[in-house]
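Report on the structure given below.
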Amino acid sequence: MATTGSPVTSPASRVSARIAAINPSATLAVDAKAKELKAQGRPVIGFGAGQPDFPTPDYVVEAAAAAVRDRANHGYTAAAGLPELREALAAKTLRDSGYAVDPAQVLVTNGGKQAVYSAFATLLDPGDEVLLLAPYWTTYPESITLAGGVPVQVTADESTGYLTTVEQLEAARTERTKVLLFNSPSNPTGAVYPREQVEAIGRWALEHGIWVVTDEIYEHLVYDGAKAESMPVVVPELADTTLVLNGVAKTYSMTGWRVGWIIGPKDVIKAASSYQSHLCGNVSNVAQRAALAAVSGPLDAVEEMRKAFDARRKLIVSLLSDIPGVECPTPQGAFYAYPSVKGVLGKEIRGERPANTLELADLILREAEVAVVPGEAFGTPGYFRFSYALAEQDLVEGVNRVAALLAEAK
């Protein structure tokens, strides 16, 4: 018998519809599953993690150690970020991309993910549409939806090197379109847009009064002479309607330090800073001091990582391309390969006929003990994302296991 006055709560109402609708990060889920199986003693090789396998540079770690001992870092600081870090980020942006900004145009965030969400929370009203270039990073559509926006997917495939055209964007544009989300170099494909295409897309956005949110976190990880072009540099007139997102995670191997930033017009940054003051206050002062050392220091360690990634990139593309039914464009940036495995789907492998890449990824994990992220996580079924941010011997062993399993397809 129910107690008088006790509220009757159905299970469905215990969590808000907004939060219940969120899909957990597929990339983190794959990485967690691989680690769980390794802990059980299984020789799983994981291609899921989107993080460099190098240590954070020593001088950055030392700066953090010194910061811990400094009482100035033991209390609250400005919500928008330490003034000296905002100044350093403005200087770094000019140095690396040629974009001249004032420190007041910089907001320091808890990693790149918060930068993504805060950008959309600041720009979007309910029902505003965001053109989302696919394949996309798995966090993008969730951040847009949480902020009340509507993601509108615009898909490119391997036939164009995963590069979206202005014609595709124009076909997707409606009167509700407010923002274009741009990412070059791309996660998950490694695609890098050439300057002329960046300019064409930027001029199109300018013509139609569309905001641009451009994620530049892989700016230093480019190969074969490619260059990560910053859209507000290529199209300067866009500066007043562009937010640039970045962070220390990929460039300086600092994924766990959680420092990102947004660069944009002062009024928007002021509004986003007010939001952050209630959301979390300031980013960890110790992490900010570490980031200050990173962005103010030399790029020598970054270049060493880039060279290592380049060698692995060439190796993994060669290995994947040799697998029947697999087509793997050569990425020009980041540290991901994004092969199509459509030629394998529907074929029998060890008594099973995986109809999609979710099923095929599960089969590969069970039978080959290799963890990959299926394309469904990035809005494009029929593909896998392989991160090549792992030791070369593991890379070779992992892809060879996948190749041996897929060779049984009939």
Side-chain angles (χ1 to χ4, degrees), residues 81 85-109 112 115-116 119 122-123 130-131 133 137 140 161-166 169 178-187 189-252 260-269 272 291 294-296 299 302-303 306 332-334:
L85 178 55
R86 297 173 79 190
E87 291 175 8
L89 291 172
K92 166 251 175 294
T93 302
L94 180 61
R95 177 195 71 190
D96 293 348
S97 65
Y99 190 26
V101 297
D102 188 274
Q105 293 178 253
V106 182
L107 167 64
V108 182
T109 62
V116 172
T122 306
L123 289 181
V130 179
L131 298 184
L133 308 188
W137 181 39
Y140 290 151
Y162 304 114
L163 300 178
T164 304
T165 65
V166 167
L169 295 174
K178 184 171 184 179
V179 180
L180 163 67
L181 176 52
F182 190 73
N183 176 214
S184 176
S186 163
N187 175 6
T189 67
V192 180
Y193 280 77
R195 184 181 180 89
E196 59 272 17
Q197 203 158 349
V198 173
E199 180 173 9
I201 291 173
R203 300 249 169 240
W204 171 85
L206 185 68
E207 177 187 353
H208 297 289
I210 295 171
W211 279 80
V212 174
V213 173
T214 176
D215 186 344
E216 300 184 356
I217 201 162
Y218 293 96
E219 62 182 335
H220 287 290
L221 297 177
V222 287
Y223 320 103
D224 296 338
K227 182 182 178 184
E229 302 283 359
S230 183
M231 194 173 288
V233 174
V234 177
V235 185
E237 302 94 322
L238 266 179
D240 194 49
T241 50
T242 296
L243 298 183
V244 177
L245 313 182
N246 210 325
V248 295
K250 315 299 182 178
T251 299
Y252 301 98
W261 58 89
I262 306 173
I263 294 173
K266 290 182 181 179
D267 60 329
V268 176
I269 295 301
V295 300
S296 302
L299 291 169
V302 179
E303 178 58 17
R306 193 196 67 81
Q332 288 190 302

Does any non-hydrogen side-chain atom of [Y] lie less than 4.5 Å from one of [X]?
{"X": "L89", "Y": "V108", "value": "yes"}
{"X": "L245", "Y": "I217", "value": "no"}
{"X": "L163", "Y": "P194", "value": "yes"}
{"X": "S184", "Y": "V198", "value": "no"}
{"X": "Y140", "Y": "N183", "value": "yes"}
{"X": "Y252", "Y": "V295", "value": "yes"}

field: Summary of salt bridge (Lys or Arg N to Asp or Glu O under 4.0 Å) pairs that have at least one residue in residues 98-109, sequence neighbours excluded
entry: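 Output for this query is empty, none listed.
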Pairwise distance [atom1]([X]) to [atom2]([Y]) - rounded to 0.5 angstrom:
{"X": "L299", "Y": "D96", "atom1": "CG", "atom2": "CG", "answer": "6.0 Å"}
{"X": "E199", "Y": "L206", "atom1": "CD", "atom2": "CG", "answer": "11.0 Å"}
{"X": "I263", "Y": "T93", "atom1": "CD1", "atom2": "OG1", "answer": "3.5 Å"}
{"X": "I262", "Y": "D215", "atom1": "CD1", "atom2": "CG", "answer": "11.0 Å"}
{"X": "W211", "Y": "D240", "atom1": "CH2", "atom2": "CG", "answer": "6.0 Å"}
{"X": "E87", "Y": "S296", "atom1": "CD", "atom2": "OG", "answer": "10.0 Å"}

- request: Applying side-chain hydrogen bond (donor to acceptor under 3.5 Å, both in side chains), name anything that partners R195, two or more places apart in sequence or on another chain.
  value: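 For R195 the side-chain hydrogen bond (donor to acceptor under 3.5 Å, both in side chains) partners, ignoring immediate neighbours, are E229.
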- request: Please identify each residue that fulfils side-chain hydrogen bond (donor to acceptor under 3.5 Å, both in side chains) with T164, with sequence neighbours left out.
  value: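 For T164 the side-chain hydrogen bond (donor to acceptor under 3.5 Å, both in side chains) partners, ignoring immediate neighbours, are Y193.
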Nearest atoms (heavy-atom pairs only) where [X] meets [Y]:
{"X": "W261", "Y": "K92", "result": "CZ2-CE, 3.7 Å"}
{"X": "K250", "Y": "Y218", "result": "CE-OH, 3.2 Å"}
{"X": "A334", "Y": "P185", "result": "N-CB, 3.9 Å"}
{"X": "L133", "Y": "L169", "result": "CD2-CD2, 3.5 Å"}
{"X": "V248", "Y": "A291", "result": "CG1-CB, 4.0 Å"}
{"X": "L123", "Y": "L243", "result": "CD1-CD1, 3.7 Å"}

- request: Check the pair R306 / E303 against side-chain contact (heavy atoms from CB on, under 4.5 Å), numbers first and verdict last.
  value: CA-CA 5 Å; R306 193 196 67 81; E303 178 58 17; 3.0 Å; yes
field: Carboxylate-amine/guanidinium proximity below 4.0 Å for R203 and E237
entry: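 Salt bridge between R203 and E237, a charged N being under 4.0 Å from a carboxylate O: yes.
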message: Using only atom types and a distance under 3.5 Å, with no angle test, would you say the side chain of R86 pairs donor to acceptor with the backbone of V106?
response: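 Such a contact is found between R86 side chain and V106 backbone.
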field: Heavy-atom donor-acceptor pair, Q105 side chain to G264 backbone, under 3.5 Å
entry: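 The answer is yes, because a donor-acceptor pair under 3.5 Å joins these two groups.
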- prompt: For the side chain to side chain contact (heavy atoms under 4.5 Å, CB included) test, which of L107, I269, V268 pairs with T122?
  reply: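 Going through L107, I269, V268 one by one, the side chain to side chain contact (heavy atoms under 4.5 Å, CB included) with T122 is satisfied by V268 alone.
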message: Does T251 form a side chain to side chain donor-acceptor pair (under 3.5 Å) with E219? I'd like the steps, not just the answer.
response: CA-CA 8 Å; T251 299; E219 62 182 335; 4.9 Å; no
